[in-house]
Amino acid sequence: MSLDPKFFAREPVIVARDLIGVTLLLDGVGGIIVETEAYDPLDPASHSFGGKTARNASMFGPPGCAYVYRSYGIHWCMNFVAHKSRIGGGVLIRALEPTHGIAIMEARRGCERPKLLCSGPGRLGQALAITRALDGLNLNAPPFALSKRQKRFPVVVGPRIGLSRGVETPWRFGLKGSEFHSRGFPAT
DNA sequence: GGTATGATTGACT
DNA sequence: GTCAATCATACCA
């Protein structure tokens with residue numbers, strides 16, 4: 001079951017929270033989203049802050065598409081474009097609980113410990129073989145597959161990771177009690 | 001044209 | 001705990 005097309009046509013913060021518990025597959029490989037971060041164009045930490053550029057063009061495109069960027073020259077990280085009126089916003093997918101194609105992810109990661117397969121944006125990118133070729137693609141069409149969750153999952157909130165600005169904005173969301181977060185969340 | 005920087009990870013002291 | 005890897009992009013000249 002795919003997501004409603006309007007799912008991503010909302011505030012990034014709302015979408016980030018609602019993505020927790022959704023299953024993400026890329027060519028049949030992936031798992032349950034257990035950690036996300038929201039990036040709003042008014043947020044100085046966001047790539048879309050300051051307007052549209054060559055890198056972040058996808059963030060200003062249609063909601064429900066992918067925005068892929070190179071992090072620290074080493075890793076590929078994936079966002080889901082989410083905003084109203086193409087103002088530039090997105091949700092960083094930080095961690096998955098591996099459920100599909102685990103053997104494939106282990107081979108790509110060179111690691112057999114499930115907790116290290118997708119726990120972090122860079123690891124997730126490597127496990128799913130994310131590349132810039134996916135930038136701008138519709139998440140509701142192959143090779144992507146998003147499965148709507150069947151119930152509401154308990155969500156925890158915390159500060160975002162690795163930022164030099166905007167750290168005070170608590171826009172990181174996680175599936176409560178998950179063993180697959182990239183970092184722990186503050187005790188609730 | 002040149003330089004600074006980063007939504008990270010993994011290895012090492 | 002500290003630090004290097006590595007490069008596309010952004011920004012300045």
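Since this is a predicted model, take the numbers as computed values, not measurements. Below, chain A is the first sequence line, B the second, and so on; all start at residue 1.
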Practice task
For A:D18 and A:K148, run salt bridge (charged side-chain N to carboxylate O under 4.0 Å, His left out): C-alpha distance rounded to whole Å, both residues' side-chain angles, the deciding distance at 0.1 Å, then the answer.
Solution key: CA-CA 10 Å; A:D18 275 2; A:K148 188 177 183 179; over 6 Å; no
Exercise for the section: Let me know, please, whether A:G73 or A:T53 comes out on the 5' side of the other along DNA chain C by nearest nucleotide. Expected result: A:G73
Fill in the blank from the handout: Paired to C:dT6 by Watson-Crick or G-U wobble criteria (both distances under 3.5 Å) is none
Problem - Between P of C:dA10 and NE2 of A:H47, the distance in whole Å - result: 9 Å
Exercise for the section: Classify the side chain of A:Y69 and the base of B:dA7 as holding, or not holding, a donor-acceptor pair under 3.5 Å. Expected result: yes
Completion exercise
Taken to the nearest whole Å, CZ/A:R123 to P/B:dA11 is 10 Å
Problem - Selection: residues 10-27 of chain A, any non-hydrogen atom under 4.0 Å of DNA chain B - result: none
Handout entry: Test item: side-chain donor near acceptor, A:S178 and A:E97, under 3.5 Å
Key = no
Fill in the blank from the handout: Out of C:dA10, B:dA7, C:dC7, minimum distance to the side chain of A:A54 belongs to C:dA10
Problem - Per A:Y72 side chain, nearest of listed nucleotides B:dA7, B:dT8, C:dA8 - result: B:dT8
Practice task
Kindly state which residues belonging to residues 103-119 of chain A come within less than 4.0 angstrom of DNA chain B, counting heavy atoms of the residue only, listed by number.
Solution key: A:R109
Practice task
Would you please indicate yes or no on a ring centroid separation below 6.0 angstrom for A:H47 and A:Y39?
Solution key: no
Exercise for the section: Would you mind telling me which of C:dC7, B:dT8, C:dT9 lies closest to the side-chain atoms of A:C77? Expected result: B:dT8
Handout entry: N/O donor-acceptor pair under 3.5 Å between A:Q126 side chain and A:R108 backbone
Key = yes
Problem - Minimum-distance nucleotide (side-chain atoms of A:S46 versus B:dT8, C:dT9, B:dA7) - result: B:dA7
Practice task
Respond yes when some side-chain nitrogen or oxygen of A:R165 is under 4.0 Å from OP1 or OP2 of B:dG6, and no when none is.
Solution key: no
Exercise for the section: Just compare B:dA7, B:dG6, B:dT9 and give me whichever is closest to any side-chain atom of A:M59. Expected result: B:dA7
Practice task
Rounded to the nearest angstrom, tell me the gap between atom CZ in A:F49 and atom P in B:dA7.
Solution key: 13 Å
Exercise for the section: Look at A:S164 and B:dG6 and indicate whether a side-chain polar atom (N or O) is within less than 4.0 Å of OP1 or OP2. Expected result: yes
Handout entry: From CA spacing to verdict: salt bridge (charged side-chain N to carboxylate O under 4.0 Å, His left out), A:E37, A:R94
Key = CA-CA 7 Å; A:E37 281 179 3; A:R94 286 192 58 89; 3.5 Å; yes
Exercise for the section: Measure the distance from CD on A:E37 to P on B:dG6 and round it to the nearest whole Å. Expected result: 15 Å
Practice task
Would you check if the side chain of A:R109 reaches a backbone N or O of A:L116 as a donor-acceptor pair within less than 3.5 Å?
Solution key: yes
Practice task
May I have the distance from A:R183 (atom CZ) to B:dA7 (atom C1'), rounded to whole angstrom?
Solution key: 11 Å
Handout entry: Pair A:N56-A:S48, side-chain donor/acceptor within less than 3.5 Å
Key = no
Fill in the blank from the handout: Side-chain contact check for A:R55: nearest option of C:dA10, C:dT6, B:dA7 is C:dA10
Problem - Check: A:W171 main-chain N/O paired with A:T169 side-chain donor or acceptor under 3.5 Å - result: no
Fill in the blank from the handout: To the nearest angstrom, the CD1-P distance between A:I74 and C:dC3 comes to 17 Å
Handout entry: DNA chain B: 5'-proximal contact among A:Q126 and A:L163 (nearest heavy atom)
Key = A:L163
Handout entry: Ring-face cation contact, A:F8 with A:R10, 6.0 Å cut, 45° max
Key = no
Practice task
Return no unless some side-chain N or O of A:H75 is found under 4.0 Å from OP1 or OP2 of B:dT9.
Solution key: no
Handout entry: Row check, A:F153 ring normal vs A:K151 NZ/CZ: under 6.0 Å, within 45°
Key = yes
